[in-house]
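First comes the structure, then the notes that go with it.
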Number of protein chains: 2
Amino acid sequence: MPRRVDHRERRALIADALMRVAAEQGLEAVSLRHVAAAAEVSAGMVQHYFRTRDEMMTFALAVVSERNEARVRRAVEALGATPAPRALLRAMLAALLPLDEERRADGRVALAFLAYTAVRPAVAAALHGETTALLAFVAGQIAAGSPLVADGRVDPERAAVGLLAVMEGLGVHVLGGHYPPETALAALDAQLDLLFAPG
Amino acid sequence: MPRRVDHRERRALIADALMRVAAEQGLEAVSLRHVAAAAEVSAGMVQHYFRTRDEMMTFALAVVSERNEARVRRAVEALGATPAPRALLRAMLAALLPLDEERRADGRVALAFLAYTAVRPAVAAALHGETTALLAFVAGQIAAGSPLVADGRVDPERAAVGLLAVMEGLGVHVLGGHYPPETALAALDAQLDLLFAPG
DNA sequence: CCCTTTACATTGCGACTGTATTGCAAAAGG
DNA sequence: CCTTTTGCAATACAGTCGCAATGTAAAGGG
C-alpha cells in the first residue's frame, strides 16, 4: 500500500495531535510517544515523518501561524469589499482573541510557543515575521481611518504597536483566566473608541 | 554545623538558581540536578528544601510575583508623595516592562510560567490575584486623573483592562524580539497620551 | 519477475527524569 | 555523656526521553 500517501496530510495529522497534547498538557508533554498515542498511530510513524523532535516542533509552530493567518483572512473576507478601517481592525483583532474553546486551545499552544521561542531565538522567525507584517498593516489602517492622525495626536506606528499589544495582552490574560472573554472584547472596543474618537 | 541555617535563605538561593536555569533554557530544563548544579550545591540539598519538583516550581512562581511587586513598589516610592496619576501609572507599568537585562531574564521566566499555569489552573492563583489587584488600582488612578472620564468617553474599568493588556503585550513582544524596548516604551507613552488627553 | 523504493513497526540503547531510601556528621537538649 | 534532631550527601530505582538501527510488507519501474 505504500507510495500512495500524501506527506503533507500525514504531517498535518500529526501536528494536529501535537497541538491537542500541547493544549492540554503543555509543550513539555509533547514527546514522540505522546503525540503518536494522541494521533492513534505508532511512534515509528511519527518518526518517519519527522526525523527529530525539533523538526516536529518547528512544523507545529508554522501550523499555529497559518491557523491564525487563516482566521484573520476569513474574518476580513466576511466583511465584504472596502470595509471601514475601524471595523476591519476590530474584526481582525477579535479573530485573534481566544473567545471560544477552539481559539482557547490554539491560544494555549501559541502561548507555550511564545515562551518556547523566547529561549530558542533560532526558531522565533515565524512569529516575528507575522507580527511585523501585521504591524505595518494595522498602522496603515489607523493612518487611513483615525481622525486623530491628521492633527498629530496619534502616531500610526506607535498606535499600531499599542493596539497589537492590547490584543496580545488581552489574549494572555483571558488564557490565564484573569477575566472572561467578554471583558477582553469590551476592552478592545474601548481601545478602538479611544483611537478613532472624533475631535 | 546543622541547626544553624535559615530555611528561607536557602530556599531563596535555590529559587534564584532555578530562575537562572529557566531564563536561559526554559522551564522544561528545570530539573533537580540542573538547579542543583546552577546553585553549586548537591542534588540532595535541593531535595532537602523542596520535597517535590512541584513544590519548588510553586515557590519560584511566588518569587517571580514578589520580585515584580517589589519593583513596582520601588518605582512608586521613587516618585515621592502624592504623584500625579499619569506619572504614577507610567512608573508602575514601565517597571514591569522588560527594559533591561535583569527584567528581561525575569520576564522570560514569567512568560514561561504564564504558559505553565495556563495548563495547570491549580497553580495559577498567584498571578491571578496580582493582576486583579493591579486592575483595581489602575482603574482608580484613571478615574482620578483622566479628563475623559467625566464626560463618559472613558470607562475606568475597561481602560484599566486595556492599559494592563498593553503592558503585558508590549512585554511579550519585546521578549519575543519583535521590536526593541524603546519602541515599547514609546507605545506605552502614546497609550497614556490617549488616555489622559485633554478635551 | 525482480528489485528498488516507500511506508511503516519494533526494538534497543544511553541519558535523564523525579522520588524514595539510606547513611552520616554535627549541633543542641537532657 | 548521650541521645535526638537537623542538614545534607549518595545511591538506587522505575520510568520516560530522543534517536538509531533493523525488519518487513507492499507498490511501482525496468
Side-chain angles (χ1 to χ4, degrees), chain A residues 1-22 24-61 109 112-113 115-117 119-120 122-123, chain B residues 1-22 24-61 109 112-113 115-117 119-120 122-123:
Chain A
M1 194 213 283
R3 195 60 177 282
R4 204 75 129 228
V5 296
D6 180 356
H7 264 235
R8 287 191 313 160
E9 180 193 310
R10 293 277 200 229
R11 286 166 79 99
L13 178 97
I14 294 171
D16 220 65
L18 186 157
M19 293 192 51
R20 260 177 284 140
V21 172
E24 287 171 21
Q25 320 189 51
L27 272 192
E28 56 178 74
V30 170
S31 70
L32 293 183
R33 292 161 176 84
H34 279 162
V35 171
E40 293 180 40
V41 301
S42 77
M45 172 160 160
V46 173
Q47 203 171 184
H48 182 68
Y49 288 100
F50 298 100
R51 285 181 301 184
T52 78
R53 186 186 117 110
D54 274 345
E55 195 178 313
M56 188 170 65
M57 291 298 218
T58 304
F59 185 83
L61 178 55
V109 180
F113 268 117
Y116 185 80
T117 58
V119 154
R120 286 166 192 76
V123 203
Chain B
M1 196 211 285
R3 195 59 177 284
R4 207 72 131 231
V5 297
D6 180 357
H7 264 234
R8 286 192 313 161
E9 181 193 309
R10 292 275 200 232
R11 286 164 79 98
L13 178 97
I14 294 171
D16 221 65
L18 186 157
M19 293 191 50
R20 260 177 282 139
V21 172
E24 288 170 20
Q25 320 188 53
L27 273 192
E28 58 177 73
V30 170
S31 70
L32 292 183
R33 292 159 176 84
H34 277 163
V35 171
E40 293 182 43
V41 301
S42 76
M45 171 159 160
V46 173
Q47 204 172 181
H48 182 69
Y49 288 100
F50 298 101
R51 285 182 300 187
T52 77
R53 187 187 119 110
D54 274 345
E55 196 179 312
M56 186 168 68
M57 291 298 219
T58 304
F59 185 83
L61 177 54
V109 179
F113 268 116
Y116 185 79
T117 58
V119 153
R120 285 164 192 78
V123 204

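Please read all numbers here as calculations on a predicted model, not as lab measurements. All chains are named by letter (A, B, ...) in the order of the sequence lines, taking the proteins before the strands, and each is independently numbered beginning at 1.
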*Is the shortest side-chain N/O distance from H7(A) to OP1 or OP2 of dA7(C) below 4.0 Å?*
yes
- Message: Measuring only between side-chain heavy atoms, which start at C-beta, is M56(A) closer than 4.5 Å to V46(A)?
- Response: yes
Among dG18(C), dC19(D), dA9(D), the one nearest any side-chain atom of L32(A) is dC19(D)
message: On the nucleotide dC17(D), are OP1 or OP2 found under 4.0 Å from the side-chain N or O atoms that S31(A) carries?
response: yes
Inset, instruction - Indicate whether OP1 or OP2 belonging to dC8(C) is found under 4.0 Å from a side-chain N or O atom of R10(A). - result: yes
The reported gap from CG in L18(A) to CG in L27(A) (rounded to nearest 0.5 angstrom) is 7.5 Å
R53(B) CZ to dC16(C) P, in whole Å, measures 16 Å
Rounded to whole Å, the CZ-P distance (F50(B) to dT19(C)) equals 13 Å
Between the CE atom in M45(B) and the CG atom in L13(B), the distance rounded to the nearest 0.5 Å is 6.0 Å
From CG of L13(A) across to C1' of dC8(C) the rounded distance in Å is 14 Å
Whole-Å distance, M57(B) CE to dT17(C) P, equals 12 Å
Testing dG7(D), dG18(D), dA9(C) for proximity to the side chain of M45(A), the answer is dA9(C)
Separation of dC24(C) atom P from H48(B) atom NE2, nearest Å, is 18 Å
Here the distance between atom C1' of dC17(D) and atom CG of D54(A), to the nearest Å, is 14 Å
Q47(A) CD to dT10(C) P, in whole Å, measures 13 Å
- Using a cut-off of 4.0 Å on non-hydrogen atoms, how would the nucleic acid contact of V30(B) be classed: base, sugar-phosphate, or nothing? sugar-phosphate
Check: R11(A) side chain, Y49(A) main-chain N or O, donor-acceptor pair, under 3.5 Å | yes
Whole-Å distance, E28(A) CD to dT16(D) C1', equals 13 Å
R20(B) side chain to A38(B) main-chain N or O, any donor-acceptor pair under 3.5 Å? yes
- Is the distance from OP1 or OP2 of dC17(D) to the nearest side-chain N or O of H34(A) less than 4.0 Å? yes
Side-chain atoms of R33(A) come closest, of dC8(C), dT19(C), dC17(D), to dC17(D)
